[in-house]
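Letters A, B, ... are given to chains in the order of the sequence lines, protein chains preceding strands, and every chain is numbered from 1. For clarity, every value in this text was computed on a predicted model and none was experimentally measured.
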There are 2 protein chains.
Amino acid sequence: MIPSTERQGKIIQKLKRKGFRLTPQRFAVVKILANNEEHLSAQEIYERVKKDIPFTSFATIYRTVALLRDMGEVMELGFADEGNRYDGARPYPHPHLVCIQCKKILDPKVPSLEELPRKLAKKTGFQILNHRLDFFGLCPECQKNPSRER
Amino acid sequence: MIPSTERQGKIIQKLKRKGFRLTPQRFAVVKILANNEEHLSAQEIYERVKKDIPFTSFATIYRTVALLRDMGEVMELGFADEGNRYDGARPYPHPHLVCIQCKKILDPKVPSLEELPRKLAKKTGFQILNHRLDFFGLCPECQKNPSRER
DNA sequence: TTTGCTGCAAACCTTTTGCATGCTT
DNA sequence: AAGCATGCAAAAGGTTTGCAGCAAA
């Protein structure tokens with residue numbers, strides 16, 4: 001578990017420094033994303049925020065994660081077939097292991113791509129800003145329970 | 001350029017062998033996807049098919065690429081922010097270089113991941129079925145023309 | 001008081017689906 | 001004749017946006 005207050009504090013300071021208001025809704029979203037190793041969907045964030053602040057709307061969730069994403073403090077993982085997932089603990093490129101059945105997402109410890117982006121930039125002339133490395137498959141639980149849903 | 005008739009013939013034979021009909025619409029979609037190194041959107045496939053068969057509908061495009069995808073003959077690349085892209089020339093995992101401005105997608109020649117999927121499966125217990133490695137950035141042209149749209 | 005933020009609902013966009021019609025074999 | 005495939009239009013699903021009201025500095 002990454003120390004809660006560290007990421008949370010960093011994000012909140014950055015928000016304030018940039019002149020954004022720290023509303024209760026934003027605070028709730030930051031709290032959830034900063035202290036969580038999971039890769040949450042907008043729906044999950046919405047449900048958790050509503051426990052604190054029952055009047056929260058979906059629009060605010062989306063606006064807040066977009067703000068945090070634009071600040072570089074949350075990584076948005078888009079998937080075509082389901083919704084986006086958000087990672088506030090490690091907002092930088094890293095490999096993911098995605099279960100196609102229960103939809104859980106893990107961060108496997110594999111050697112990073114290291115210099116590949118830089119080499120590729122040199123070879124192709126692209127200015128490389130980001131990358132994604134995702135492995136898709138069935139987690140051990142879903143191999144045993146072929147019907148389990150998320 | 002990959003030899004046209006080879007992929008095209010293989011796909012058509014497979015369709016027939018599996019008992020699917022080779023309608024003019026399907027033939028047009030196969031022709032476009034099999035003989036094309038680009039990564040086309042559904043919209044682009046639709047437009048090109050309509051040149052041959054003006055009455056074609058979007059539904060048929062989607063049903064056809066889904067059929068080819070399920071047969072393993074077309075790779076569907078889903079993106080969250082824009083539509084899917086389809087690759088009929090290389091329907092197996094390989095890295096992509098994606099320009100975030102003009103949306104072109106290239107296949108860079110980089111060392112493949114080799115044994116990483118297998119190692120990861122062994123370490124995590126996941127049954128790994130697929131993977132994606134995408135690099136995002138600005139292509140040389142878009143670096144010069146920051147406003148160019150696709 | 002001013003400006004930013006929120007909630008609600010409608011809009012968006014791509015993809016999927018229901019259904020009646022039409023084409024193949 | 002039987003069944004698959006198509007076209008059309010509507011539905012679906014997640015995300016974004018317009019707008020009026022509210023709240024924080």
Side-chain angles (χ1 to χ4, degrees), chain A residues 11-30 33 39-47 49-71 74-86 98 103 105 149-150, chain B residues 11-12 14-30 33 39-47 49-71 74-86 103 105 149-150:
Chain A
I11 296 174
I12 289 172
Q13 284 201 338
K14 198 164 178 180
L15 270 173
K16 291 190 168 176
R17 179 158 28 92
K18 293 189 173 248
F20 295 109
R21 289 179 186 165
L22 185 61
T23 63
Q25 290 89 336
R26 280 182 182 163
F27 184 59
V29 172
V30 169
L33 284 171
H39 299 71
L40 302 170
S41 65
Q43 180 75 43
E44 286 165 330
I45 298 169
Y46 174 66
E47 282 161 9
V49 169
K50 281 195 90 164
K51 285 183 189 162
D52 277 355
I53 305 165
F55 294 93
T56 310
S57 72
F58 247 109
T60 294
I61 303 297
Y62 278 111
R63 283 189 277 235
T64 303
V65 294
L67 178 64
L68 299 172
R69 179 242 289 145
D70 293 344
M71 286 175 15
V74 161
M75 185 168 57
E76 183 179 67
L77 287 177
F79 294 95
D81 46 335
E82 39 161 352
N84 297 341
R85 304 284 285 269
Y86 299 91
V98 183
K103 309 297 183 188
I105 300 179
E149 297 279 329
R150 186 171 207 247
Chain B
I11 296 174
I12 289 172
K14 198 165 178 179
L15 268 174
K16 291 190 167 177
R17 178 157 29 93
K18 292 186 172 252
F20 295 108
R21 290 181 187 164
L22 185 61
T23 63
Q25 290 89 337
R26 280 181 182 163
F27 184 60
V29 172
V30 169
L33 284 172
H39 299 72
L40 301 171
S41 66
Q43 179 74 46
E44 286 166 329
I45 298 169
Y46 175 66
E47 283 161 8
V49 170
K50 281 195 88 164
K51 285 182 190 162
D52 276 355
I53 306 164
F55 293 93
T56 309
S57 73
F58 247 108
T60 292
I61 302 297
Y62 278 109
R63 283 190 276 235
T64 303
V65 294
L67 178 65
L68 299 173
R69 181 242 289 143
D70 293 345
M71 286 176 15
V74 161
M75 185 168 58
E76 183 179 67
L77 286 177
F79 295 94
D81 45 335
E82 39 162 349
N84 296 342
R85 304 283 285 270
Y86 298 91
K103 309 297 185 189
I105 301 179
E149 296 280 329
R150 182 171 208 244

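At least one donor-acceptor pair closer than 3.5 Å links the side chain of B/Arg26 to the backbone N or O of B/Arg21. Of the possible polar contacts, none joining the B/Lys16 side chain to the B/Leu22 backbone as a donor-acceptor pair under 3.5 Å is found.
If you check every strand for non-hydrogen atoms under 4.0 Å, A/Asp81 touches nothing. Residue contacts shown for A/Ala42 are limited to sugar-phosphate atoms, with no base heavy atom under 4.0 Å away. Within 4.0 Å (heavy atoms only), A/Phe58 reaches no atom of the nucleic acid at all. No engagement by A/Ala66 is indicated, since no non-hydrogen atom pair under 4.0 Å with the nucleic acid exists. When heavy atoms are screened at a 4.0 angstrom cut-off, B/Gln25 is found touching the sugar-phosphate backbone but no base atom.
No side-chain heavy atom of B/Lys50 sits under 4.5 Å from any side-chain heavy atom of B/Glu47.
Atom P of nucleotide C/dT16 and atom CD of A/Glu82 are separated by 14 Å, given to the nearest angstrom. Per the geometry, CZ belonging to A/Arg17 stands 19 Å off C1' belonging to D/dA25, to the nearest Å. When the C1' atom of C/dC5 is taken as reference, atom CD1 of A/Ile61 falls 13 Å away, rounded to whole Å.
No N or O donor and acceptor, one from the side chain of A/Arg26 and one from the base of C/dG4, sit under 3.5 Å apart. In terms of polar N and O atoms assigned as donor or acceptor, the side chain of A/Arg21 comes within less than 3.5 Å of the base of C/dT3 in a complementary pairing. One can find a donor-acceptor pair under 3.5 Å joining the base of D/dG7 and the side-chain atoms of B/Arg63.
Considering A/Val65, A/Val74, A/Leu68 in turn, A/Leu68 is the only one that fulfils the side-chain contact (heavy atoms from CB on, under 4.5 Å) rule with A/Val30.
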